[in-house]
Amino acid sequence: MADKPTYYITTAITYPNGVPHIGHAYEYISADVMARFKRLDGYETFFLTGTDEHGQKVQQNAEAQGLTPKQLVDKNTAVFKQVDDEVLGISYDRFIRTTDPDHYQASQDIWRRMVEAGDIYLDKYSGWYSVRDEAYYAESETEVRQDGERYSIETGTEVHWVEEESYFFRLSKYQQPLLDFYRKNPDFGGPRSRFNEVIRFVEDGLNDLSISRSTFDWGVPVPGNPEHVMYVWVDALTNYLTGVGFPDTDSAAFGKFWPADLHLIGKDISRFHCIFWPAFLMSAGIELPKRVIIHGFLHNAGEKMSKSVGNVVAPGAWVDTYGLDAVRFFLLREFPYGQDGSYTHDAVVGRKNSDLANNLGNLAQRSLSMIAKNCAGVIPEPGQLTEADQAILEQTDSLLEISREAYQVQEFHRALERTWYVLGEANAYFADQAPWQLKKTDEARMRTVLYVTAEVIRKVALLIQPVIPGSASKLLDALGVEIGGDAGRTNASNDGPRSFAAFGEPLAPGTPIDKPQPIFPRHED
RNA sequence: GGGGAGUUAGCUCAGUUGGUUAGAGCAGAGGACUCAUAAUCCUUGGGUCGCGGGUUCAAGUCCCGCACUCCCUACCA
């Protein structure tokens, strides 16, 4: 048996200091959808997500709470993991924590490789440092306020003058190699507008990067100098390697899955993923990931979400209000992926009712009801297909390739838009053929129309499993499609009657179906 | 200050290399049907395509200027 193609996708790892909000959910869900799509399409898939647990802030917060840093991150990480597991249904294969023992090995190994490449040197760093932001600021980026203390202008956090011995990475050396790489791999970053910003930044020149700290010790120790711990970037980005077995580059997982096919991240960290990370990997002699997709941020009715405004939405609150599948669908259908999006209650309800309940749910309900009542409760035998039948079936058939192409570049909205266009055509077909009339005049023709409609629904249900796994599974159940598969949750979805491999295997006439129950309830306020 | 994106129907947005009466979805109006989750189908959109100039036989679609909005980046203080 030939080896299956593989697919390795990651999310950014989250700094678990607050509570998860709908923006976190957006990233997890979109990565989950991508992973499920690839599994259903026959790819042996590995999906990595997790938390970034080191740093001075954690150490200080822990002290303030009378905990060890590990105790604090255990507590905070549990909250994020619970959202993945119990609220959003995220199908990750590993939830990595930068405090995992194997991650220490991986981070120290890539560090050693960069040292061997001559790209790490010891120097001194000085500047205005904000503990809360974990960032240095130029003097011009700070101001002295009335209380006599100095603050970051941008973030309003207090800064202190710090002089510190630090290891540096020779990022400057990689300006040209990176530009060459971008030119040869124009799809490395997406969407294009974000990638262009990155390229322009690199063209302006790169400074070497401070990559260690000695003022605190909650981090991965620098090999050969236990006075230092790695600063965020080497430690955090390396999780993508750790997740598939690094530093054991001979391991089965590493051989299969590295280089990663997709890093899915937010626009705030595009530079780290499109510049630092490839440079580190070039230095360490490791293959570069194939693509970084940069998603936008979500706004509440056009306003930035913020605690002080009090408009932050918790994923659990939305899921309770609208249901998980409606939330997943809304997030992927409503916004062009990569752009910022603005949500309102009315917009979510609109998608839920119009797209899910009316266009899809009602089409399924009306056609399956007729089958249950008029075809002895089994999938009917179709007769000769008319042009109208063939036209709607052909439009439905085209959705597989259209979806593949759209998913390949993470244009989820495009796949869904086209799918719902075809559903609109299917509703028109159904009304046009009027099987409830045919029931009185031509039962054979009625059975054909009902069969064709059921086939359309089957194909659509297959393709939207990644987005609305629960509802799509119910839809396939209702059509009597053999149970099996898990809507992309695991690699068991690679094949079987609910995988994309079965897209062209039509419903078997005579298959019994149950009396249908509505799958997509309307949202009533 | 420099660079970039944008400003199209009530709302959210599409509009290829400039070319017949500027499009979709949602919302609204009218009609149809009754299989269905008060759903679905059909019909219905005279909107200064931000403003003002220009190029052209022809511009939402190219050029210049202006006004807002947003993003990236710098610098002064």
Side-chain angles (χ1 to χ4, degrees), chain A residues 137-144 153-154 189 191-207 266-268 270-271 274-275 294 296-297 299 301-304 326 330 333-336 338-375 380 388 411 413-414 416-441 443 446-447 449-450 453-454 457 471 474-475 478 515-524:
Chain A
Y137 291 99
E139 183 146 330
S140 63
E141 293 174 303
T142 66
E143 62 184 358
V144 177
I153 294 172
E154 194 187 337
R192 190 69 214 182
S193 56
R194 291 276 163 211
F195 190 33
N196 284 342
E197 289 175 3
V198 167
I199 293 171
R200 201 170 311 117
F201 183 86
V202 175
E203 285 171 344
D204 286 346
L206 296 172
N207 296 320
K267 66 180 187 179
D268 53 330
S270 60
R271 208 170 289 163
C274 296
I275 301 173
I294 304 160
F297 286 166
H299 300 276
E303 299 258 323
K304 197 172 166 182
F330 173 78
R333 172 63 186 86
E334 186 75 357
F335 319 117
Q339 293 180 24
D340 288 351
S342 177
Y343 58 81
T344 60
H345 170 73
D346 287 351
V348 183
V349 171
R351 286 294 174 197
K352 180 178 175 182
N353 286 351
S354 174
D355 288 355
L356 293 180
N358 297 350
N359 291 333
L360 174 56
N362 185 56
L363 178 65
Q365 185 66 18
R366 67 199 300 209
S367 55
L368 291 177
S369 289
M370 284 203 73
I371 291 176
K373 286 178 192 164
N374 304 301
C375 302
E411 292 181 358
H413 60 287
R414 196 156 61 81
L416 294 175
E417 180 183 24
R418 187 66 198 178
T419 302
W420 258 260
Y421 168 76
V422 171
L423 282 173
E425 295 289 295
N427 269 309
Y429 163 84
F430 200 79
D432 208 38
Q433 302 300 320
W436 56 93
Q437 302 278 8
L438 295 169
K439 179 181 161 187
K440 302 170 199 161
T441 57
E443 285 204 33
M446 174 198 76
R447 285 192 288 274
V449 170
L450 293 176
T453 305
I457 295 170
S471 314
K474 283 188 199 169
L475 215 42
K515 183 167 181 287
Q517 300 294 325
I519 292 169
F520 300 94
R522 285 178 59 79
H523 188 88
E524 309 292 353

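Throughout, protein chains are lettered first and strands after them, A, B, ... in sequence-line order, and every chain is numbered starting at 1.
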Novice: Looking at the side chain of A:A357, which of B:A14, B:C41, B:U37 is the nearest nucleotide?
Specialist: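 Of B:A14, B:C41, B:U37, B:U37 is nearest to the side chain of A:A357.
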
Novice: Out of curiosity, A:L423 CG to A:L416 CG, how far, rounded to the nearest 0.5 Å?
Specialist: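 One gets 10.5 Å once the value is rounded to the nearest 0.5 Å.
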
Novice: Which whole-number value in Å describes the distance from A:N427 CG to B:C41 C1'?
Specialist: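 Going from A:N427 (CG) to B:C41 (C1'), I get 8 Å.
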
Novice: To the nearest angstrom, how far is A:R333 atom CZ from B:A24 atom P?
Specialist: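 Going from CZ in A:R333 over to P in B:A24 covers 15 Å.
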
Novice: What is the nucleic acid contact for A:G361, judged by heavy atoms within less than 4.0 Å: base, sugar-phosphate only, or nothing?
Specialist: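 The residue A:G361 makes base contact.
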
Novice: In this structure, how many angstroms lie between the P atom of B:G4 and the CD atom of A:E203, rounded?
Specialist: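 My rounded result for the distance is 12 Å.
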
Novice: Of the nucleotides B:A36, B:U37, B:C72, which has the atom closest to the A:S369 side chain?
Specialist: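 It is B:A36.
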
Novice: Within this structure, what is the CG-to-C1' distance between A:N207 and B:A74, rounded to whole angstrom?
Specialist: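 Computing the A:N207:CG to B:A74:C1' distance gives 13 Å.
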
Novice: Could you state the atom-to-atom distance from CZ of A:F430 to P of B:U37 in whole Å?
Specialist: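 It is 12 Å, rounded to the nearest whole Å.
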
Novice: Under 3.5 Å, sequence neighbours excluded: what are the donor-acceptor pairs made by side chains of residues 368-375 of chain A?
Specialist:
from	atom 1	to	atom 2	distance (Å)
A:S369	OG	A:Q365	O	2.7
A:N374	ND2	A:M370	O	3.0

Novice: Tell me every residue that passes side chain to side chain contact (heavy atoms under 4.5 Å, CB included) with A:S354, counting only those two or more places apart in sequence or in another chain.
Specialist: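 Expected list: A:N359.
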
Novice: Determine whether any donor atom in the side chain of A:N362 lies under 3.5 Å from an acceptor atom in the base of B:A39, or the reverse, and answer yes or no.
Specialist: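 Flag unset: no donor-acceptor pair detected.
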
Novice: With respect to A:V349, which candidate in A:R351, A:K352, A:H345 satisfies the side-chain contact (heavy atoms from CB on, under 4.5 Å) definition?
Specialist: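 The option that passes is A:H345.
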
Novice: Hey, which of these two, A:K267 or A:L363, hits RNA chain B nearer its 5' end, going by closest nucleotide?
Specialist: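 Residue closer to the 5' terminus by nearest nucleotide: A:L363.
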
Novice: In whole angstrom, what separates A:D204's CG from B:A74's P?
Specialist: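 Going from CG in A:D204 over to P in B:A74 covers 8 Å.
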
Novice: Take atom C1' in B:U69 and the same atom in B:U44, then report the distance between them in whole Å.
Specialist: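 34 Å, rounded to whole Å.
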
Novice: Atom CZ of A:R351 and atom P of B:C13: how far apart are they, to the nearest Å?
Specialist: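 One finds 11 Å between P of B:C13 and CZ of A:R351, rounded.
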
Novice: Whether the side chain of A:N362 engages the backbone of A:A357 through a donor-acceptor N/O pair (distance < 3.5 Å, no angle test) should be reported.
Specialist: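 Judged by distance alone, no pair lies under 3.5 Å.
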
Novice: Check every strand shown and say whether A:I519 touches a base, only sugar-phosphate, or nothing at a heavy-atom separation below 4.0 Å.
Specialist: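 Base contact.
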
Novice: Would one find a side-chain N or O of A:R366 under 4.0 angstrom from OP1 or OP2 of B:A39?
Specialist: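 No.
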
Novice: When all nucleic acid strands are considered with a 4.0 Å heavy-atom cut-off, which category describes A:Y421: base, sugar-phosphate, or nothing?
Specialist: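 Here A:Y421 touches no strand at all.
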
Novice: Counting the atoms with a prime plus P, OP1 and OP2 as sugar-phosphate, which does A:D340 contact under 4.0 Å by heavy atoms, base, sugar-phosphate, or nothing?
Specialist: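 Nothing, no heavy atom under 4.0 Å.
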
Novice: If we take the C1' atom in both B:U8 and B:C49, what is their distance in whole Å?
Specialist: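 So the two C1' atoms sit 4 Å from each other.
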
Novice: Between A:K439 and A:R200, which residue's closest nucleotide on RNA chain B lies nearer the 5′ terminus?
Specialist: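 Counting from the 5' end, the first nearest nucleotide belongs to A:R200.
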
Novice: For a stem of at least 3 consecutive Watson-Crick or G-U pairs with distances under 3.5 Å, i pairing with j, i+1 with j-1 and so on, which stems involve RNA chain B?
Specialist: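 RNA chain B stems, ordered by first number: B:1-7 with B:67-73, B:10-13 with B:23-26, B:28-32 with B:40-44, B:50-54 with B:62-66.
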
Novice: From the set B:U40, B:U37, B:C42, return the single nucleotide nearest to any side-chain atom of A:P518.
Specialist: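 Among B:U40, B:U37, B:C42, the one nearest the side chain of A:P518 is B:U37.
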
Novice: B:C35, B:U37, B:A14: which one has an atom nearest the side-chain heavy atoms of A:F520?
Specialist: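 Of the candidates, B:U37 comes closest.
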
Novice: Would you kindly say whether A:R200 and A:N196 are connected by a side-chain donor-acceptor distance under 3.5 Å?
Specialist: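 No pair is found: no donor N or O on one side chain lies under 3.5 Å from an acceptor on the other.
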
Novice: Check the distance between B:A24's C1' and A:H413's NE2 and give it to me in whole angstrom.
Specialist: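 One finds 14 Å between C1' of B:A24 and NE2 of A:H413, rounded.
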
Novice: Would you classify A:S354 as touching base, sugar-phosphate or nothing, given that sugar-phosphate means primed atoms plus P, OP1 and OP2, and contacts are heavy atoms under 4.0 Å?
Specialist: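 The residue A:S354 makes sugar-phosphate contact but no base contact.
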
Novice: Any side-chain N or O of A:N353 below 4.0 angstrom from OP1/OP2 of B:U37?
Specialist: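 Negative; the distance criterion is not met.
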
Novice: Output yes when at least one side-chain N/O atom of A:Q437 is less than 4.0 Å from OP1 or OP2 of B:U34, else no.
Specialist: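 Checking A:Q437 against B:U34: at least one side-chain N or O falls below 4.0 Å of OP1 or OP2.
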
Novice: Verify the contact: side-chain N or O of A:N358 to OP1 or OP2 of B:U40, cut-off strictly under 4.0 Å; return yes or no.
Specialist: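 Yes, A:N358 has a side-chain N/O under 4.0 Å of OP1/OP2 on B:U40.
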
